[in-house]
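Atoms within a ligand are numbered from 1 in the order they appear, just like the ligands themselves.
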Amino acid sequence: MYDVREWRHVFKLDPNKDISDEALDSLCESGTDAIIIGGTDGITLDNVLNLMARVRRYTVPCILEVSTIDSVSPGFDLYFIPTVLNSTDTKWITGLHHEAVKEYGELMDWDEFLIQGYCVLNKDCKAAKLTSAKMDLSEEDVAAYALMAEKMFHLPIFYLEYSGAYGDPSFVKAAKSQLNETVLFYGGGIETLEQAEEMGNYADVVVVGNIIYKDLSAALRTVEIKKSNR
Ligand SMILES: CC(C)=CCC/C(C)=C/CC/C(C)=C/CC/C(C)=C/CC/C(C)=C/CC/C(C)=C/CC/C(C)=C/COP(=O)(O)OP(=O)(O)O
Ligand SMILES: O=P(O)(O)OC[C@@H](O)CO
Ligand SMILES: [Mg+2]
């Protein structure tokens with residue numbers, strides 16, 4: 001029912017940031033393919049549930065990107081589980097996942113869970129610091145992570161993450177060159193339609209986050225990528 005292979009554009013909302021009803025209405029009615037709820041810090045069950053309830057008034061698919069086990073709740077259309085492939089700490093690759101599955105694995109409807117193989121490329125972003133991600137990767141390194149995501153781990157999603165900064169399209173191209181089955185997400189610093197299109201030349205899905213809170217009209221214009229051909 002919710003097929004990420006058909007997506008082109010998603011908004012990522014941070015439960016730790018305020019958003020007005022009016023702004024949320026325009027995002028949910030924008031024509032974007034989905035609303036992802038996720039962030040790296042200040043994520044609590046309360047702020048996740050609050051935002052989910054507000055997005056739930058609309059028909060747009062609502063996805064929880066899990067960053068803490070305590071903030072998982074029923075009621076989402078899908079759950080994305082990040083694993084940071086270039087983390088140097090196993091906690092963020094399989095560690096927390098093992099603990100969660102050990103405790104809740106029997107309860108999980110596995111069809112609702114999609115694993116995202118993250119490759120974090122902006123050294124200054126919170127996710128890079130939190131997960132002690134390996135930095136200074138070359139295009140060949142990124143291409144190899146993409147190939148691992150698809151051929152070794154058969155992950156449904158490979159996510160090139162530049163959170164907070166606009167990345168290098170040649171790295172997105174390098175990742176895409178290795179992928180046939182795995183869907184390529186790009187996120188980071190997209191503020192204009194032109195940037196969405198540039199990354200969308202290679203990425204299957206572009207993720208738009210921070211600009212929502214800085215310039216809502218600019219964020220809404222990025223949805224027009226859905227009208228353009230790849
Ligand atoms: C449906 C239901 C009730 C089921 C119950 C069973 C259950 C609890 C299942 C959970 C299963 C499971 C395997 C959970 C995984 C647990 C876990 C905590 C995994 C670790 C995830 C991880 C690697 C987090 C690291 C950080 C990260 C990559 C986060 C992704 C989001 C991201 C990068 C946001 C960008 O950062 P942002 O905060 O926006 O940064 P700025 O503020 O700088 O913009
Ligand atoms: O917030 P921005 O920089 O748009 O990045 C989007 C998303 O990839 C963050 O996880
Ligand atoms: Mg953010």
Atoms of ligand 1 less than 4.0 Å from [X] heavy atoms?
X      : answer
Ile81  : 12 (C), 13 (C), 14 (C), 15 (C)
Asn210 : 44 (O)
Val66  : 21 (C)
Ala127 : 33 (C)
Ala100 : 11 (C), 12 (C), 13 (C), 14 (C)
Pro74  : 3 (C)
Ser67  : 18 (C)

Hey, quick one: are Leu49 and Val60 part of the same hydrophobic cluster, counting side-chain heavy atoms closer than 4.5 Å, chains of contacts allowed?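 Yes, it is one cluster - the side chains of Leu49 and Val60 are joined through contacts under 4.5 Å.
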
From [atom], work out which of [options] has a heavy atom at the shortest distance.
atom                    : options                : answer
atom 1 (O) of ligand 2  : Ile190, Asn210, Asn122 : Asn210
atom 6 (C) of ligand 2  : Gly188, Gly164, Gly189 : Gly188
atom 22 (C) of ligand 1 : Tyr118, Phe80, Trp92   : Trp92

Look only at interatomic distance and state if Glu161 has a nitrogen or oxygen under 3.5 Å from any nitrogen or oxygen of ligand 1. no

If you measure every N/O of Lys126 against every N/O of ligand 1, is any gap under 3.5 Å?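 Among all N and O atoms of Lys126, at least one is under 3.5 Å from an N or O of ligand 1.
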
Side-chain heavy atoms of [X] within contact of [Y], under 4.5 Å:
X      : Y      : result
Thr131 : Tyr118 : no
Val205 : Asp33  : no
Tyr162 : Cys125 : no
Leu78  : Pro61  : no
Tyr166 : Glu191 : no
Val48  : Phe76  : yes
Val142 : Gln178 : no

Within the structure, does Lys12 bring an N/O atom to less than 3.5 angstrom of an N/O atom in ligand 2?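 By distance alone, the answer is yes.
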
Do me a favour and list the nearest non-hydrogen protein atom to [atom] with residue, atom name and distance?
atom                    : value
atom 23 (C) of ligand 1 : Pro82 O, 3.4 Å
atom 10 (C) of ligand 1 : Ile69 CD1, 3.7 Å
atom 7 (C) of ligand 2  : Tyr159 OH, 3.3 Å
atom 9 (C) of ligand 2  : Glu161 OE2, 3.4 Å
atom 4 (O) of ligand 2  : Gly209 N, 3.0 Å
atom 19 (C) of ligand 1 : His97 NE2, 3.6 Å
atom 7 (C) of ligand 1  : Tyr104 CB, 3.8 Å
atom 29 (C) of ligand 1 : Thr40 CG2, 3.8 Å
atom 17 (C) of ligand 1 : Leu96 CB, 3.9 Å
atom 31 (C) of ligand 1 : Glu65 OE1, 3.2 Å
atom 5 (C) of ligand 1  : Val72 CG1, 4.2 Å

Heavy atom of Tyr186, distance to ligand 2 below 4.0 Å: no

Determine whether a donor-acceptor pair (N or O, by modelled atom type, separation under 3.5 Å) exists between the side chain of [X] and the backbone of [Y].
X     : Y      : value
His97 : Pro82  : yes
Trp92 : Leu130 : yes
Ser71 : Leu45  : no
Asn86 : Lys134 : yes

With rounding to the nearest 0.5 angstrom, report the [atom1] to [atom2] distance, [X] to [Y].
X      : Y      : atom1 : atom2 : result
Lys126 : Asp41  : NZ    : CG    : 4.0 Å
Lys227 : Arg8   : NZ    : CZ    : 14.0 Å
Glu103 : Met108 : CD    : CE    : 12.0 Å
Ile211 : Thr222 : CD1   : OG1   : 9.0 Å

Classify the angle between the aromatic ring planes of His9 and Phe11 as parallel (below 30°), tilted (30 to 60°) or perpendicular (above 60°). perpendicular

Which bit of Met108 gets closer than 4.0 Å to ligand 1, counting heavy atoms only: side chain, backbone, both or neither?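 The answer is the side chain of Met108.
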
Record the part of Tyr79 in heavy-atom contact with ligand 1 below 4.0 Å; permitted values are side chain, backbone, both and neither. side chain

Determine whether the side chain, the backbone, both or neither of Tyr162 has a heavy atom under 4.0 Å from any heavy atom of ligand 2. neither

State if Ser163 counts as touching ligand 1 under the rule of any non-hydrogen atom under 4.0 Å. yes

